[in-house]
K.L.:
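After the structure tokens below, expect a handful of questions from me.
Proteins come first, then strands; the chains are lettered A, B, ... in the order of their sequence lines, and each starts at number 1. Predicted model only: the values in this text are computed from it and were never measured. The analysis underlying the following values was restricted to heavy atoms, covering all of them including side chains, and did not include hydrogens, waters or symmetry mates.
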Amino acid sequence: MKPFDYLRAEGLDLASQQTAPDGAMAIAGGTNLLDLMKLQVESPDTLVDVNPLSMDQIADEGDGLRIGAQATNTATANHARVRSDYPVLAKAILAGATQQLRNKATTAGNLCQRTRCYYFTNIDQPCNKREPGSGCGAIDGIARLHAVLGTSSECIATYPGDMAVAMTALDAKVEIANGDGNSRTVPVRDFHRLPSDTPHIDNVLEPGEIITGVTLPAPVGGTQLYRKVRERSSYAFALCSVAAIVDMADGRISRADLAFGGLAHKPWHDPRIGELLVGEEPSLALYDKAADLLLEDAQGYGENDFKIPLARRALTATLCEATGVEA
Amino acid sequence: MSAHLKQDQPDDRNVLDSTAQGIIGEPLTRPDGLLKVTGTATYSAEYDIENCLEGVLVTAPFAKGTVTSIDESSVTDMPGVIAVISDQRMTPRAIQGTAGEAPITGVCKVDYWGQPIALVVAETFEEARNAAKHLVIEYDADDDAVFDPQAVEPKPDDDPTRQGDLASAMSDAAHSVDVEYDTEGHASAAMEPHAAIAEWDGDTLTVHASLQMLNYNISELADAMELEESKVRLIARYVGGGFGSKLGISQEIVAGSVAAMELGRPVRVVMSRQQVFQNVMRRSETTQRLRLAVDSEGKLTAFGHEALVSNLPEEDFVEPVLQSSHFLYAGENRLLESKTARIHLMTAGSVRAPGEAVGMPVLEAAMDELANEVGIDPIKLRLNNIPEEHPATGLPFGSHKLAECLKQGAKAFGWDSGPRKPRQNREGEWWIGTGMASAARVHNVGEAKARVTLQPDGTALIETDMTDIGTGTYTILGQIAGEMVGLPQDSVLTELGDTRFPRGPGSGGSWGAASAGSAVFLACEALREEIADKVGQPVDTLTFKDGVVSWDGGSSSLADVAGDEALAKEGHYEPGDIAEDYTAASFGAFFTEVAVNRWTGETRVRRMTGAFGFGRVLNAKTARSQCLGGMVWCIGSALTESLLFDPTDGHLANCDLAEYHVPVNRDVPELEVIMVEERDPVGSPIQAKGVGELGMCGGAGAIGNAIYNACGARLRSFPMTPDKVLAAMPDD
């Protein structure tokens, strides 16, 4: 760990100024950043402690719900309205990490967590995400956890989180302050990036921008599921996960908002899948078509080839569960 | 005064069954338990030592080659940096268990990725760690390192066991299986990392270290540092898990000792979690071929078990995959052969239950395939084939509880002995199935010494360099002494883990309890004789209970007997020629029910029963905990645990507890442990045998067999991760 300066953010605009320079980073729960600093994967000159901003409220906003940037994962997952109106979010959060980590991890920190690619976290290995231009060790290496959708020749890392996958299905919005009293809103669906030829840039945050909260739309009802496939049943990142909000009317699917984790550099959302499903009668054949759409451009890298059939099965299982199709 | 026994004969006196205190075998609570769960037990790195420097190991970012230069000036001006140590006395590899001599020295030559090559010492840990990341080294990396054991020509380990004609027996048999399995590498993944604080006072080197076998370790360190053993002291009062990874001294101990002697200040070196994974010890991956055949009566006629394992060049250790296969089942035509491939992955060495941990699950999976082939209950197949004596040596067993374990375990589990067909039971999207396996583990003992002192106040003190690595040594030694001299648990103080005490075998190979326990037992026998002398009564007429010795017509408190002088006796136990006359082993059986997800191939263990016979139970709580721990390891090795080495440069990719998947609480269901009462007169003078490792010797096979029974996927590869299960699962 490199020595660093520690600053406390005593106000939002100040926090923005403090985090704007190269080498400055915001820290909230620290459950990811501290580990990476110990490994020298991250070596900030300045850490800006944003905890004094106290942005941890969870409150109604219109018919929706606003979750403060610093609400802990535990607080969010246990919030009465999250449990009743957005169960997919509660389920996804509870499927992630451990209770101890969730007690510290925050909404904004969770959105900004970095990949768990083995090559990213080992500074003696090539990684274009950690050190642009150094190569990708995973493509010909241990790629079991890696992406099959939206990859590039530069990077096949996955976004590791669960919370954002549910927020993607819910079409939640990230609220971002930029330091001069202005703010902007970015859909969670657009917050994370694909690696392309700049895999070192995880998301659309600009220097000095601070996430202040995430807003959830008015409750959409339906059956809300989060299926996370993993070899051990807790404290493991998803081999593949599916967040699903599915509703039925008159024997036909009336809503199908789906998002996928563990498959790409971002929570994966393909609007064509919802369009295909809505208005149709549920059936295995239909779900097969949905999987075809999801995976039409999927590419495996040897060790992770299994994710392609696994994603198909996880999608089918989730849709069957949501719509009562017996298979 | 000392009492010495070299055990050449069985001891069936069962002395501990006729004593009066009544605490032996009882589920007494650990005296050290509260300290541990409240964080107040002091582990090796936690001693608050004045003026202590901090050392951080620098490791090689390549697998094979030579470090040509280390540019100390690249870090010497950094804040707090005191020195860069790359002394050629430092060791590149952790040493194998019971070596008792200096490990390989010289850190310039690199043989595996992540090998320590230098130690950066600074005033604070943070300064040392930062400087370690900035140390500039130059090296010549060879490009001919091989990491795949299948890519080199392996060499046979020992003469194979050949009896009869395996090939003919296979072709003539009514039923047979000829199958190949593989298992992946495992890590010990002990919670406490490898850590040491070395202090040099100009005369004596004192090292607090996390070690299992101090009696061997002191020789190793003294030899490495070219010191007399009398000038070295090792202390390991609490050890946060070892599982074989702390049998021999490891790199941080030698590096810290060199630094402390060179710099004249104490030096603490704690390996990072990644360093522990990358350079302490791995269990070799294995490839195993099983050839089994039975006649029409279900009696084994052919038994072939071959194994390919790997290790670094120059390492003697071979994962002893076939260890229990030699005697578990009968069969007159036998072939057992092991080969080792030399590759450049980190040292392969002992990880809990070396050999049986991977050999037994594969044997037991192949037995399940055979039972399926024959169409008989898998328990019956095993009962049919329990040998009367060791099939190769002809030596009788001291005791043998496999049949009882199979029967009692089956009954407790509710095993359905009817015809077995896979894919019979589905609950929602989960296939449900059951499986079983036998357990077996060789029994070992080692030379042990312990001193027991009856204090003037009538309490007792036990001293030995034996370690408690979480197994319960503090508890059981106190129970043995309390039982023998008639004292309740809280009147016996046990001091362990210091080479100033009488030396013992340490913890490893499940031999600690029987060996150190026998030394304590012998010391107590001598103490009882002395007390008998003092009270003027024959020892066999005395009753020792609650601090009082009594006889027909009289009694005396132990405090009165001791008088002003403490009575001290040393017990010295040595394994004897008994091994030439008997086979000693622990046996057991596993039964498990699993659920396999029909969509995703995820497998969850729903319940597991283990029945074990391991001689006398010294403490029903700590012994049960050992069995539980073993069964948890079964779940991990069956379903999740696997070391992932990069095929290009040989580095270990999953080197922390987030990515090396040991079971978590949610993976472990209700586990039932049945301890089958047994006295093994061959095992030790206290009739106890090894238990620590037995609980994981075969259970992964039971889980694999249950996966087959549940969903029809017959996997021949451990761990059975969802991708492998899905690939083998029949279509609906």
K.L.:
Based on non-hydrogen pairs under 4.5 Å, which of P61(B), A658(B), P647(B) is most in contact with chain A?
P.N.:
A658(B)
K.L.:
Carefully, step by step, assess L145(A) and E659(B) under the rule side chain to side chain contact (heavy atoms under 4.5 Å, CB included).
P.N.:
CA-CA 10 Å; L145(A) 294 176; E659(B) 298 300 340; 3.5 Å; yes
K.L.:
Using non-hydrogen atoms only, which part of E641(B) is less than 4.5 Å away from chain A: side chain, backbone, both, or neither?
P.N.:
neither
K.L.:
Let me know if T640(B) has heavy atoms under 4.5 Å from chain A in its side chain, its backbone, both or neither.
P.N.:
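Interface part for T640(B): both.
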K.L.:
Quick check on E126(B) against chain A: is it the side chain, the backbone, both or neither that has a heavy atom closer than 4.5 Å?
P.N.:
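Backbone only.
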K.L.:
Could you tell me which portion of N597(B) (side chain, backbone, both or neither) has an atom closer than 4.5 angstrom to a non-hydrogen atom of chain A?
P.N.:
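Only the side chain of N597(B) comes within 4.5 Å of chain A.
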K.L.:
What option among Q125(A), R116(A), K2(A) has the most heavy-atom pairs under 4.5 Å with chain B?
P.N.:
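The residue among Q125(A), R116(A), K2(A) with the greatest pair count is Q125(A).
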K.L.:
Can you tell which part of E326(A) gets under 4.5 Å to a heavy atom of chain B, answering side chain, backbone, both or neither?
P.N.:
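Neither part.
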K.L.:
Look at H134(B), M720(B), E429(B), E127(B) and state which one has the largest set of heavy-atom pairs under 4.5 Å with chain A.
P.N.:
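Top count of heavy-atom pairs under 4.5 Å with chain A: E429(B).
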K.L.:
Just verifying a value: how many Å separate T600(B) OG1 and R227(A) CZ, rounded to the nearest 0.5 Å?
P.N.:
6.5 Å
K.L.:
Could you state the interatomic distance from OH (Y235(A)) to CG (N665(B)), rounded to the nearest 0.5 Å?
P.N.:
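With rounding to 0.5 Å, OH (Y235(A)) is 14.5 Å from CG (N665(B)).
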K.L.:
Check whether F125(B) gets within reach of chain A through its side chain, its backbone, both or neither, counting any heavy atom under 4.5 Å.
P.N.:
neither
K.L.:
What part of C320(A) gets closer than 4.5 Å to chain B, counting heavy atoms only: side chain, backbone, both or neither?
P.N.:
side chain
K.L.:
In terms of heavy-atom contacts, does CG of D142(B) have more than 12 from other residues, nucleotides or ligands at under 6.0 Å?
P.N.:
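Counting other residues, nucleotides and ligands, CG of D142(B) exceeds 12 neighbours.
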K.L.:
Tell me, for V662(B) versus chain A, whether the close heavy atoms (under 4.5 Å) come from the side chain, the backbone, both or neither.
P.N.:
both
K.L.:
Pick from L639(B), D656(B), D649(B), T59(B): which one has the most heavy-atom pairs with chain A under 4.5 Å?
P.N.:
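The candidate making the most pairs under 4.5 Å is D649(B).
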K.L.:
Give, as side chain, backbone, both or neither, the part of L657(B) having an atom under 4.5 angstrom from any heavy atom of chain A.
P.N.:
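Only the backbone of L657(B) comes within 4.5 Å of chain A.
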K.L.:
Under 4.5 Å heavy-atom distance to chain B, tell me which part of A138(A) shows up: side chain, backbone, both or neither.
P.N.:
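Neither part, no heavy atoms under 4.5 Å.
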K.L.:
Taking R313(A) for its side chain and W599(B) for its backbone only, find out whether a donor-acceptor pair lies under 3.5 Å.
P.N.:
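Looks like yes, one N/O pair under 3.5 Å.
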K.L.:
Side chain, backbone, both or neither: which part of L644(B) has an atom under 4.5 Å from a heavy atom of chain A?
P.N.:
both
K.L.:
Checking L39(A) against chain B: side chain, backbone, both or neither under 4.5 Å from a heavy atom?
P.N.:
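Contact with chain B is through both the backbone and side chain of L39(A).
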K.L.:
Could you check H651(B) against Y119(A) for ring pair (Phe, Tyr, Trp, His ring centres under 6.0 Å), going step by step and ending with a plain yes or no?
P.N.:
CA-CA 10 Å; H651(B) 83 278; Y119(A) 297 83; 5.4 Å; yes
K.L.:
In Å and rounded to the nearest 0.5 Å, what is the CD to CG distance from E231(A) to D667(B)?
P.N.:
10.0 Å
K.L.:
Working to the nearest 0.5 angstrom, can you tell me the gap between K133(B) NZ and Q40(A) CD?
P.N.:
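So the gap between those two atoms works out to 6.0 Å.
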K.L.:
Would you mind checking which part of R312(A) comes under 4.5 Å of any heavy atom in chain B, side chain (CB onward), backbone (N, CA, C, O), both or neither?
P.N.:
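Neither the backbone nor the side chain of R312(A) comes within 4.5 Å of chain B.
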K.L.:
Taking atom NZ of K104(A) as the centre, does the number of heavy atoms from other residues, nucleotides or ligands within less than 6.0 Å exceed 12?
P.N.:
no
K.L.:
Check whether R604(B) gets within reach of chain A through its side chain, its backbone, both or neither, counting any heavy atom under 4.5 Å.
P.N.:
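Looking at R604(B), just its side chain touches chain A.
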K.L.:
Looking at T648(B), T603(B), N654(B), which makes the most heavy-atom pairs under 4.5 Å with chain A?
P.N.:
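Answer, by heavy-atom pair count under 4.5 Å with chain A: N654(B).
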K.L.:
Does any backbone or side-chain atom of K307(A) lie under 4.5 Å from a heavy atom of chain B? Answer side chain, backbone, both or neither.
P.N.:
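For K307(A), neither part sits under 4.5 Å from chain B.
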